Amino acid sequence: MEWVYISDLHKYTGQKVEIRGWLYNIRSKGKIAFLQLRDGTGRVQGVAVKGECNDDAFLKIDGLKMEASISVTGDVRKDSRAPSGVELTINDITVIQNPEEDYPISKKEHGIDFLLEHRHLWLRSSRTEALLKIRNQAVISLRNFFHEKGFILIDTPILTGSIGESSSTLFSVKYFDMGNAYLAQTGQLYLEAACMAFGRVFNLGPTFRAEKSKTRRHLTEFWMLEAEVSFLENEGSMDLQEEMICSLVDSILSKNEAELKVLGRNTGPLKKITAGFPRIEYSEAVKMLDKLGKPVKWGNDLGGDEETILTEQFEKPIFVTNYPKHAKAFYMKENPENPETVLCADLLAPEGYGEIIGGSQREDRYDELISRIREEQLPESAYRWYLDLRKFGSVPHSGFGLGLERTITWITGNKHVREAIPFPRTISRLYP
RNA sequence: UCCCCUGUAGCUCAGCUGGUAGAGCGGGUGGCUGUUAACCACUAGGUCGGCAGUUCGAGUCUGUCCGGGGGAGCCA
């Protein structure tokens, strides 16, 4: 008997096969029982009819608990009543392990605390499966995008000295007899070093922020895709980001139709994500917000509410550029046309999802950079190597970081970033 | 750190101006040959987050502590 995956079942209609998987629901009508099976590749209904199915097997069905692991043999059959188009007429059932306890996750709704406490089991649900399969595709798509363009993957360290964006809080760990090391909150500075060696580089890895943020947009551990390109100015960086986002959305739309359907995502807005994202200067955005009845004092950063109002004016993601210098990180290059601002761009996703990318042209002049480091009272010695990059063949360069979970949350139309990562880490959760 | 919401059965929740607890799902038993979160009948299951207070009487009001959620700040 050939063991096949559920996703391949349609190739075996009219044949007898074996399926190995888990029982996620049973509906029994006495002399006929419907077994809902999943194996990670898909879901299918097995139909066991008394008399047609092996008698011993039919008797076993009654004792099966939710999420029992079983192997089932039967005939693959086309059936218009089945959501996937095929069903399995069951001949025999082998029980691999039948739970003694009731499965904690029921078919009805659960609260988020309960679900997160059972994340190790929640992974099995169809929603989580869809979300994480989209995440998988997103990572493949992003990596392909950069590889096809000739970017070099540079994995940046996770254990670092005290370096990064000073404003955020760092997680610290004891590092032998060298005092504290910190979990990276960005790989950017290392990518800047790498782009002076390789020209165009990127990374994709975990980053850590010990911010006490409790919102639908924050995790303490999240994955970020960062890219850094030498001889690229801010405008060119936005071109690159735009192309990347369009390619990403395209790939999800074409490869994950089934998953988007499971999630109930209206794909209409996603289909409008094509090149030509509006680029709005910060000062212009402040004027727009004034007209829209949400005045912001020039110089203040834009908050979540402001971002939402701005994005609602457009169907595509928008870049908000050239923020006031003091609202942004020390490494951003001063805008030669207005020294009060820096050459940067945040990409705000539509439909109220807000910031998914933060990017900028980097300060490439030694004197300017060191004075910014001193202004911010950063530990100068930790930045010695970073300053070296401005001493030995400094060139204009730009880069950006894309929040993977935020991007997936937007594309899937989900409400919270914590479902876009297999095991979310939040301010109040380290288990499972 | 601050603001708002919340904690009642295994789960999701209801419980009005205070009068000592209820539903659906899940569990158990029985029924059903096409179910799609199946359905029908019966059934078991609770120190109402902890502590203190007001009151004849507290799930309900007050204080406090603890847990959880959302948001601000900060950021992707």
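Computed from heavy atoms alone, side chains included, the values below leave out hydrogens, waters and symmetry copies. Treat the numbers as computed from the prediction; the structure is a model and nothing was measured. Letters A, B, ... mirror the listed sequences (proteins, then strands); counts begin at 1.
Nucleotides B:G59 and B:U1, compared at atom C1', are 33 Å apart to the nearest Å. With P as the reference atom, B:U20 and B:C48 are 15 Å apart, rounded to whole Å. For the P atoms, the distance from B:G7 to B:G15 is 10 Å, rounded to whole Å. B:U12 and B:G70 have their P atoms separated by 14 Å, given to the nearest Å. Taking atom C1' on both nucleotides, B:A44 is separated from B:G30 by 15 Å, rounded to a whole Å. Between the P atoms of B:U35 and B:C40, the separation comes to 14 Å (whole Å). One C1' atom belongs to B:G67, the other to B:G27, and the distance between them is 27 Å to the nearest Å. Between the C1' atoms of B:G53 and B:G18, the separation comes to 15 Å (whole Å).
Summarising the geometry, the separation between CG on A:Asn300 and C1' on B:A72 is reported as 14 Å, rounded to the nearest angstrom. Remark: P of B:G68 and CD of A:Glu117 are 9 Å apart, rounded to the nearest angstrom. Rounded to an integer number of Å, the gap from CD of A:Glu109 to C1' of B:G24 is 12 Å. Rounded to an integer number of Å, the gap from A:Glu211 CD to B:A72 P is 13 Å. The distance from atom CD of A:Glu306 to atom C1' of B:C74 is 14 Å, rounded to the nearest whole Å. Taking atom CZ of residue A:Arg43 and atom P of nucleotide B:A37, one finds them 13 Å apart after rounding to whole Å. Following rounding to the nearest Å, A:Lys50 (NZ) and B:G34 (C1') show an atom-to-atom distance of 18 Å. In this structure, A:Asp62 atom CG and B:C32 atom P are separated by 12 Å, rounded to whole Å.
Toward the 5' end of RNA chain B, the nearer of the two residues A:Glu87 and A:Gly401, judged by each one's closest nucleotide, is A:Glu87. Residue order along RNA chain B, read from the 5' end via each residue's closest nucleotide, puts A:His110 first among A:His110 and A:Met66.
At a threshold of 4.0 Å, the pair A:Glu405-A:Arg135 counts as salt-bridged, since one of the basic side-chain nitrogens sits closer than that to a carboxylate oxygen. Ion pairing of A:Glu334 with A:Arg372 is absent here, as no side-chain N (NZ or NE/NH1/NH2) approaches a carboxylate O to less than 4.0 Å. Salt bridge status for A:Arg77 with A:Asp79: present, with a side-chain N to carboxylate O gap under 4.0 Å. Between A:Lys287 and A:Glu284 there is no salt bridge, since none of the side-chain N atoms of the basic residue sits less than 4.0 Å from a carboxylate O of the acidic one. Residues A:Arg119 and A:Glu419 are not paired through a salt bridge, judged by the lack of any N-O separation under 4.0 Å between the basic side chain and the carboxylate. In this structure, A:Lys255 does not pair ionically with A:Asp250, as no charged nitrogen and carboxylate oxygen lie closer than 4.0 Å. Here A:Glu243 pairs with A:Lys149 in a salt bridge; the nearest charged N to carboxylate O distance falls below 4.0 Å. Residues A:Arg217 and A:Glu355 are not paired through a salt bridge, judged by the lack of any N-O separation under 4.0 Å between the basic side chain and the carboxylate.
Of all nucleotides listed (B:A37, B:U35, B:G71), B:U35 comes nearest to the side chain of A:Lys29. Nearest to the side chain of A:Phe114, among B:C25, B:U12, B:U33, sits B:U12. The side chain of A:Ser428 has B:G68 as its nearest neighbour among B:C75, B:G24, B:G68. For A:Lys212, the side-chain atoms get nearest to B:G73 when compared with the rest of B:U35, B:G73, B:G69. The side chain of A:Asp113 has B:G68 as its nearest neighbour among B:U33, B:C75, B:G68. For A:Val47, counting side-chain heavy atoms from C-beta on, the closest listed nucleotide (B:C32, B:A76, B:G34) is B:G34. The side chain of A:Lys108 lies closest to B:A37 when the candidates are B:G34, B:A37, B:U33. The side chain of A:Ser28 sits closest to B:C32 out of B:C32, B:A76, B:C25. Of the listed nucleotides (B:G26, B:U35, B:A72), B:U35 has the atom at the smallest distance from the side chain of A:Gln36.
The base of B:C25 is not paired with the side chain of A:Ser106 by any donor and acceptor separated by under 3.5 Å.
The residue A:Leu219 sits close to a base: some heavy atom pair falls under 4.0 Å. Counting any heavy atom pair closer than 4.0 Å across all strands shown, A:His416 reaches sugar-phosphate atoms only and no base atom. Base engagement by A:Gln45 is indicated by at least one non-hydrogen atom pair under 4.0 Å involving a base atom. At the heavy-atom level, A:Arg429 lies nowhere under 4.0 Å from the strands shown. Residue contacts shown for A:Asp346 are absent, as no nucleic acid heavy atom lies under 4.0 Å away.
Stem analysis of RNA chain B (at least three stacked-register Watson-Crick or G-U pairs, each with both distances under 3.5 Å) gives B:1-7 with B:66-72, B:10-13 with B:22-25, B:27-31 with B:39-43, B:49-53 with B:61-65.
Between atom CD of residue A:Glu129 and atom OG1 of residue A:Thr41 there is a gap of 8.5 Å, rounded to the nearest 0.5 Å. Summarising the geometry, atom OH belonging to A:Tyr323 is positioned 8.0 Å from atom OH belonging to A:Tyr282; distances are rounded to the nearest 0.5 Å.
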Check step by step if side-chain contact (heavy atoms from CB on, under 4.5 Å) holds for A:Leu170 and A:Asn180.
CA-CA 11 Å; A:Leu170 296 156; A:Asn180 284 334; over 6 Å; no
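In this model, the phosphate group of B:A37 is not approached by any side-chain N or O of A:Arg127 to a distance below 4.0 Å at OP1 or OP2. Proximity of A:His218 to the phosphate of B:G70: no side-chain N or O atom is located under 4.0 Å from OP1 or OP2. At B:A76, none of the side-chain N or O atoms of A:Arg217 fall inside 4.0 Å of OP1 or OP2 (strictly under the cut-off). The side chain of A:Arg418 places an N or O atom within less than 4.0 Å of a non-bridging phosphate oxygen (OP1 or OP2) of B:G70. A:Lys107 has a side-chain polar atom (N or O) that falls below the 4.0 Å cut-off from OP1 or OP2 of B:G26.
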